[in-house]
Each structure stands twice: as structure tokens, then as C-alpha cells.
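Just below is one structure, and these are the notes that go with it.
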Amino acid sequence: MSDATPFRPFETHLDEAAALRTLRATTDGADDGELFLERRRSEMLLFDDGRVKTASYDAAQGFGLRAVRGEVAGYAHSTEISESALLRASETARLAVGDGGGTLAEAPRGTNEKLYTDADPMAGAEFGVKLETLSEIDAFARALDSRVVQVSASMAASLQEVVILRPEGGSVSDTRPMVRLNVSLIVEENGRRESGSAGGGGRVGLLGLMTRDHWESVAKEALRVAVVNLSAEPAPAGTFDVALGPGWPGILLHEAIGHGLEGDFNRKKQSAFAGLMGQRIAAKGVTVLDDGTIPDRRGSISVDDEGTPSNRTTLIEDGILVGYMQDRQSARLMGVDPTGNGRRESYAHAPMTRMTNTYMLGGDVSPGDIVADLKDGIYAVGFGGGQVDITNGKFVFSCTEAYRVENGVVGAPVKGATLIGDGATALQQIRAIGNDMALDPGMGNCGKNGQWVPVGVGQPTLLIGGLTVGGSAT
């Protein structure tokens, strides 16, 4: 299902000159503000256990109006894009400005860079073809191994179109596609059941994920993980050196370190890294970036949701803290430039500092040598959920695929392993950095203050010393 008509709110819903007058009245005496208009369309298909479980198509649009004065922001939003709704929203947003006295911040610089297609990712395949593809995935996965007892295959696509009007008079637009295909399955052997999943996507069209070569590889990877877990032994508990695989294990970096390097947490002194600019916070060789400029990646954005062009921001360089991610408000209050990290879930949410694609650069050590140097530890290559306390960086992450390593030899897979530590200490305990940096396959979502946005993560193989491993082995 597709609507080929571009989102042009100033042609169909609002007079641009009148909207600009309202925006300027709202932000008179403020430090910043914008009118954010959005249309989003999405579809999701889920084929579960041999039948269609979910087939949905959603469409929504609306606007958000913001005025910022110092530390305070006034925000109002509506699903109705009209002059009357905008005037009502102005009365609410204006409350944050009070008596005024602010100086409007410099407008974002312009950009013509496009990091992804603006074509509708849902176009090109009929509904029946998509369902047939999911049915074929189900049949293929079951035929791979007689132990497969349940299969769940899904595909999702969305198109977000935004227009951002600034009080200086300029407007910025961006058209953001997003797709994902995922396969999860359960295998059973001798009464024991285990699961595995794989998938990913990015800011591309859905047709590329629907090719047989692609989804066959996804199904095989899901089966591989499930079969590995069938033979997994209870994980040991204690303090171990841990090798982390490349790619998706960067989710630990994202959570345990990345959030602590967001500007708003540091401005408010809530981060474990607050006040440490220019100091060594990680082992030598550790360089961490947040990069929203990588073409077609899940976390990439041509411009952020305040109109600032996306950026490649170095956060840690050779172990030294050199930068934070910044939205416009935190950047202004901290006396630095915005980095293109002002993001929001939708028009119904005010922007805040958020990550895009956060990853660690590779080193010069071969992954095989890193594992070979692991005398007594864990090799973790897959992660599930985790929890992090931003104020102290303490984290708990569950492993979905991990192995026991003794004297450099990878042994039996382990089940139920959790990694426990804190980001600041883990950064200092990095002992080796692999030469195999990889990004995740395009599956990350990040939550902050009730808002969810798509993100990317990545890292090379790493050796971290002295992590606490929670397990059930006796």
C-alpha cells in the first residue's frame, strides 16, 4: 500500500507565511524553537507458526510546536494540521518564554546531502507477494532441520516525512525510509527447547530484503543460534576476562557508555562522565564515534529533528574524552556547537539529545589472537536485553550466544550468562582491540525518557578484563 503524493503541508494544510508569523510570535524573546510537521506511514506483517498473525497498515500526521528559554521548553502538539490548531498550540508553548529576554540562537547551517533514498520502501511488491515471501521463509526454515518446531517471520516498513520550519524563516525537509526483516524460531531436542533469531534492515527499500538469497541467510543464522543453545551449559559465575564479538555486541558500548556521553546528561551533571572533558576515560587505542552520516544505516539521519545536519562526532579519541553529543539546547547552554543529535520519536515528542550510529574504531589485533590470549573467560557474540544506570554507568546485559574459553580454546556454549559492570571501569579495562570492526545488521532501537528512535551500533572484537559474569553453574 502506498501514497505517492509527497508531504507538502504548506501547500495542503497551512499558509507558510501565516505559520511563520505564529512561530515567530511563539518564540519572541525565546532562545530557540521550531515548528515540526510530520507524516508517517507504516506497515507490518507477521507470519507466526504457519499462519498470518498480524497484517497492519498505519498512517498518522501532525505537528509539534516548541519554544525554548534557558533550561525550560514549552511544547504543544496536535494531530490536526491547521491554523487554528497552531494558534492554540502557540498559547501553550509560549508559556515557557515568560517575560522573554532570550536571544534567538543561530539557525542551523543548510545541507543538500542525502544519505538514503526518498522512495517509498513499501512500494514495489503487492501485499500478496509479501505474505507469500513470509510463507516461503516459514517453509524453508522448517525444512532446514527436523528439530524446528516453531517459526516466526516478519517484515516491516515505514516512511517518515518531516518538514521543520525555523523562526528565522528557513525550512528543512527530510524523507526517511526504514525497513526490517526478522526470523525467529524454536528448536526442540530430547524435550529441551531453545530459540534463535536474526534479521536487520536499514534506510532502504523492502524489496532488497525480500530476495531469496537474503532471507535464506537470515533463516540459517537464526537456526544456527538456536542449535548452539541446544547444547549450551549453565554459565559460570564469577569474575572473568570477556571477549566480545564484533558488530551487534556494540549494544553494550551504546548503553553503558553512549548514553553517558549525551550532552543533556552531562549538562545536568547526571552522567558518570560529567566534568571529565580532556581527561583519559578509556584505555589507549579506544576511539568511539557517533556517526549519523553513514549512508542507508538504521541510525543515520540527513538532518536531525531540529534541522541540524547530521554529523560524525568523535567522543573518545585514543582513550581521551574529546566530545559529547549535543542537541541545540544543551549545546547552547554548554557553549559548544550542536552535533546533529536532536532527535524525537514523533511530532508528539519534544527533541532531546540522542545517539545515531555509535561505534568503536578497530585496532590492529587479529580476532583469533584475542581469543587465543583468553586463558579463563567468556566469549560473548550475541546480546539480548540490558539495563543501565546513567548516573554511575552500571550495567547488566544478558548474552544470547556465548562460549566458555579456557587456555585460548573456545569450548562449550553457555546459557544464562549476564555481564555486570560499569561503563567507566570497562573502558579502562579494554586490553585488546581487534581489526575487524563491524556495524550491526540494522536492528537497534533506543529508549530514553519514554521515547524510542532507531539507532545503529558497532565495534571490533574486544578483550575486557575483570567483568563480573552472572551464571547458574554450581
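Keep in mind the model is a prediction, meaning the values are calculated, not measured. One-based numbering along the sequence shown.
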Practice task
With Asp264 as reference, evaluate Gln326, Lys448, Gln329, Gln270 under the side-chain hydrogen bond (donor to acceptor under 3.5 Å, both in side chains) test and give the passing residue.
Solution key: Lys448

Exercise for the section: From the options Thr313, Asp290, Leu315, select the one residue that forms a side chain to side chain contact (heavy atoms under 4.5 Å, CB included) with Leu261. Expected result: Leu315

Fill in the blank from the handout: From the list Arg66, Arg344, Arg328, Arg166, side-chain hydrogen bond (donor to acceptor under 3.5 Å, both in side chains) partner of Glu306 resolves to Arg66

Exercise for the section: List the atom of Val455, the atom of Arg343, and the distance in Å for their closest heavy-atom pair. Expected result: CG1-NH1, 3.9 Å

Handout entry: Donor on one side chain, acceptor on other, Arg176 and Gln160, under 3.5 Å
Key = yes

Exercise for the section: Identify whether the distance between the nearest side-chain nitrogen and carboxylate oxygen of Asp305 and Arg354 falls below 4.0 Å. Expected result: no

Problem - Other residues, nucleotides, ligands: >12 heavy atoms within 6.0 Å of Lys53 NZ - result: no

Exercise for the section: State, to 0.1 Å, how close Ala226 and Gly196 come at their nearest heavy-atom pair, and which atoms those are. Expected result: CB-N, 3.6 Å

Handout entry: Derivation of the side chain to side chain contact (heavy atoms under 4.5 Å, CB included) call for Leu289 and Arg312
Key = CA-CA 7 Å; Leu289 308 176; Arg312 186 175 189 265; 3.1 Å; yes

Exercise for the section: Taking atom CG of Asp15 as the centre, report whether more than 12 heavy atoms of other residues, nucleotides or ligands fall under 6.0 Å from it. Expected result: yes

Exercise for the section: For Ser82 and Glu80, test the side chains for any donor-to-acceptor distance below 3.5 angstrom and give the result as yes or no. Expected result: yes

Exercise for the section: Under the side chain to side chain contact (heavy atoms under 4.5 Å, CB included) rule, what do Leu252 and Phe395 come out as? Steps first, then yes or no, please. Expected result: CA-CA 8 Å; Leu252 191 151; Phe395 60 80; 4.1 Å; yes

Practice task
Would you please classify the geometry between the Tyr403 ring and the Tyr379 ring as parallel, tilted or perpendicular, with 30° and 60° separating the classes?
Solution key: tilted

Handout entry: Intermediate values then yes/no, side chain to side chain donor-acceptor pair (under 3.5 Å), Ser90 and Thr26
Key = CA-CA 6 Å; Ser90 176; Thr26 306; 2.6 Å; yes

Handout entry: Between Asn357 and Ser300, a side-chain donor and acceptor under 3.5 Å
Key = yes

Problem - Asn311 and Thr339 side chains, donor-acceptor separation under 3.5 Å - result: no

Fill in the blank from the handout: When every non-hydrogen atom of Ala93 is compared with those of Leu65, the smallest separation belongs to CB-O, 3.8 Å

Problem - Minimum heavy-atom distance Val414-Ala417, with the two atoms named - result: CG2-CB, 4.4 Å

Problem - Glu194, Glu188, Glu189 screened by salt bridge (Lys or Arg N to Asp or Glu O under 4.0 Å) with Arg147, the one that passes - result: Glu189

